[in-house]
Amino acid sequence: MKIDREQVQKVAHLARLALTPAEEEQFTPQLSSILEYFEQLGELNTDNIEPMTRVIEVSNVTRSDTIQTEIDREDLLREAPAQEGDFFRVPQIMSTDEE
Amino acid sequence: MTVIAPTKTKYEAVIGLETHCQLNTATKIFSPVSTNFDSPPNTNISPICLGYPGVLPVLNEKVLESAVKAGLALNCQIAPYSKFDRKQYFYPDLPKNYQISQFDLPIAEHGWLEIELVDAKGDEAQRKKIGITRLHMEEDAGKLVHAGSDRLSGSTHSLVDFNRAGVPLLEIVSEPDIRTGEEAAEYGRELRRIVRYLGISDGNMQEGSLRCDVNISVRPVGQEEFGVKVEIKNMNSFSAIQKAIDYEIERQIKAIENGEPIFQETRLWEEGAQKTISMRSKEGSSDYRYFPEPDLPPIEVAKKQLEEWRSQLPELPAQKRDRYESEYGLSAYDTRILTDDLDVAQYFEAAVAKGANPKTVANWVMGDIAAYVNSEKLNSITEVVLKAETLAELIALIEDKTISGKIAKEILPDLLTKEVKSVQKLVESKGLIQISNPDELDAIIDKVLAANPDKVEQFRNGKTKLQGFFVGQVMKETSGRADPKLTNQILGKKLKG
């Protein structure tokens, strides 16, 4: 499966990656060849095989609804690129693309 | 030149609702920290809800139980195999840059709920089934505070509080079966009743525990295909949902009639201006690149577990309404008011269980007691000092003529505010027992007649309206304790002489 430059631009945008034109040029054949490599899987006959989403046969892993952790807010806040008081600080939001 | 007179086209709206319902579990959906998001900023957070490297989310069993119970209550099929997926998008309130949600294998699908629309007179109830497309579990996002401005635009940067990130949500999507704002509001109310009856959410819209987004398009009646779909958000009450839809229907019809295009977009309901305004246009559907969440194994609800949860379902609002009408003979209107709030329904049922007449209980609960709850701004009827059992005793005392209805109303303020062990003892000690002994009444009436010879004369000369005056005098004499029916009978006889 070949992908074109436009698709690379789209994927880059979705991942919020700013690619230079040279990078776009470079990545287009690279991404195509990765996809082609995976295409090999298509050679197998999967007609009678149930689709699967996981390789481990385990289900229904749950925990009880009880509060368990002692959290040190400072430890967690400190990991962030920026903090302000008790908050995480983020740069100005440009789009209103909120869910 | 010929002018063709336009024939008036009739339009109908096609409406679907997408509801997010916040579950009232103690801990978040995938991490064992508190769901209390009113706490100081970022106190209820963990490496899991922040998406720090190396963490492992584990599903809260209570969330699964709540989702399955809600699915059953909404007549859904519970999926034998269900899984979580990552929904990818970037927004600063979403710490992992994806939301754990469910995509193609939601926990519940293909259900319905029945709404009941009661007209102003209250007797005729119209019922309509609204399809439920799907119900799934997902996590909520954090909360943004925009610095330097109330609004996003104009702010220099934003602050994030992740207390709400990871709070469990049920997303419930309806089929586009709704046609009016009234139906949509009633659908929302019924959904809220159901989650409250199940005890899985407080269903509070003002506080955002229940959030409804509306998808709406308009088409000429008879047309098969849908019109352009517009999404409306930002309604924080059911009446706002109704008004936003009514406004939007009118706006879209006007646009069609004027030959203006309708854009596929999201619009916000502005409560102040009572209108919808354009927020952003949706160019095609967003590309969320869902893929299976590798950290969470699938869910296979075992048959035995499913049946156990099914057996724990309470009597649901629609079942209660049916029973109140068929078993107690109450009107659709009364039934609707009594069952709207589970606390009220339970209060009503407790009084009826003590043997009180259902219609009489209904009148007290919906009348004086509801008025008291309102005027005192109580959160629930359970906060009223007068317990259902005491109300039942009060009603029994009226029915066996120990006290008159009038006296009952007089002592009610006392009963509503002070705990009373026995209403019987209270009325005895206050000397409020109704006088229904004919001999005793005879004597009192004789006394009243003797004191008013001129009025008796006038009555006998045809001014029969004076009977009311005499009843009043008897009541005054007895501090309202005279049996009104008996008083009238004896008075009538004596006055005719």
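A note on names: the letters A, B, ... follow the listed sequences, proteins ahead of strands, and every chain is numbered from 1.
- Using a cutoff of 4.0 Å between basic side-chain nitrogens and carboxylate oxygens, B:E307 and B:R310 are scored as salt-bridged.
- Looking at B:L159, the atoms closer than 4.5 Å to chain A (heavy atoms on both sides) sit in the backbone and in the side chain alike.
- Both the backbone and the side chain of B:P41 have a heavy atom closer than 4.5 Å to some heavy atom of chain A.
- With chain A as the partner, the residue from B:S31, B:P40, B:A141 showing the most heavy-atom pairs under 4.5 Å is B:S31.
- Residue B:Q305: no heavy atom, backbone or side chain, is found under 4.5 Å from chain A.
- No donor-acceptor contact under 3.5 angstrom links the side chains of B:Q264 and B:K229, judged on distance only.
- Looking at A:S64, both its backbone and its side chain come within 4.5 Å of chain B, counting heavy atoms on both sides.
- With a 4.5 angstrom heavy-atom cutoff, B:F291 does not touch chain A via any of its atoms.
- For a residue to count as touching a neighbouring chain, one of its non-hydrogen atoms must lie under 4.5 Å from one of that chain's; by this rule B:L56 does not touch chain A.
- In terms of non-hydrogen atom pairs under 4.5 Å with chain A, the most contact-rich of B:V33, B:I299, B:T35, B:I45 is B:I45.
- Going from atom NZ of B:K96 over to atom CZ of B:F90 covers 13.5 Å, rounded to the nearest 0.5 Å.
- Contact annotation for B:V63: neither backbone nor side-chain heavy atoms come within less than 4.5 Å of a heavy atom of chain A.
- When the side-chain hydrogen bond (donor to acceptor under 3.5 Å, both in side chains) test is applied to A:S59, the partners found at least two apart in sequence or on another chain are B:E300.
- Using a 4.5 Å cut-off between heavy atoms, B:L105 does not touch chain A at all.
- Ion pair B:R289/B:D85 not flagged as a salt bridge, since none of the NZ, NE, NH1 or NH2 atoms sits closer than 4.0 Å to an Asp/Glu carboxylate oxygen.
- Contacts between A:A82 and chain B at a heavy-atom distance below 4.5 Å are absent for every atom of the residue.
- At a cut-off of 3.5 Å, with distance as the only test, a side-chain donor of A:D65 or B:T27 sits close to an acceptor on the other residue.
- The pair B:K143-B:D161 does not meet the salt-bridge criterion, since no charged nitrogen lies less than 4.0 angstrom from a carboxylate oxygen.
- Applying the side-chain hydrogen bond (donor to acceptor under 3.5 Å, both in side chains) rule to A:T28 yields no partners; only residues at least two apart in sequence or on another chain are considered.
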